[in-house]
Amino acid sequence: MAQPTQIEQIAERTERLLVRYHELQRTNALLTEQVALLSHERESLKSRLAAARARIDALLERLPEISSPPVVRPAPRSDAS
């Protein structure tokens, strides 16, 4: 079996580089699509969070004001000893 010439070796390496390049392009396209989907999901979640906060704020506004917290007094001790 003859040793491949330098030109054949370069051609083979170039072919491998092209295959790798196309693989990376496909991977990059998939990752770009994932980033877009996740960005959309993030924006949707932020919107839902803001709506939930607004509903909680509205509920808090409806609660009556408490002037001071109730005083909790300890039960009387029975010293029978």
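The first residue of the sequence shown is numbered 1, and numbering continues consecutively from there. Just so we're clear, the structure is a prediction, and the values are computed from it rather than from any experiment.
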Please identify each residue that fulfils side chain to side chain contact (heavy atoms under 4.5 Å, CB included) with [X], with sequence neighbours left out.
| X | value |
| --- | --- |
| Glu8 | Pro4, Thr5 |
| Leu31 | Thr27, Gln34 |
| Gln25 | Tyr21, His22 |

*asked:* One pair to check against side-chain contact (heavy atoms from CB on, under 4.5 Å): Gln6 and Ile10. What are the steps and the verdict?
replied: CA-CA 6 Å; Gln6 190 173 12; Ile10 291 171; 4.2 Å; yes

*Please write out which residues are connected to Ile56 in a hydrophobic cluster, directly or through intermediates, given that two of Ile, Leu, Val, Met, Phe, Trp, Tyr count as joined at side-chain heavy-atom separations below 4.5 angstrom.*
Leu60, Leu63

*Quick one: which residue pairs count as a salt bridge (Lys or Arg N to Asp or Glu O under 4.0 Å) with a foot in residues 12-22, not counting sequence neighbours?*
Glu12-Arg16, Arg20-Glu23

*Quick one: salt bridge (Lys or Arg N to Asp or Glu O under 4.0 Å) pairs with a partner in residues 45-62, sequence neighbours left out?*
Glu43-Lys46

*Look up atom CG in Leu45 and atom CG in Leu49, then write down how far apart they are to the nearest 0.5 Å.*
8.5 Å

_I'd like to know whether CG of Leu59 has more than 12 heavy-atom contacts from other residues, nucleotides or ligands below 6.0 angstrom._
yes

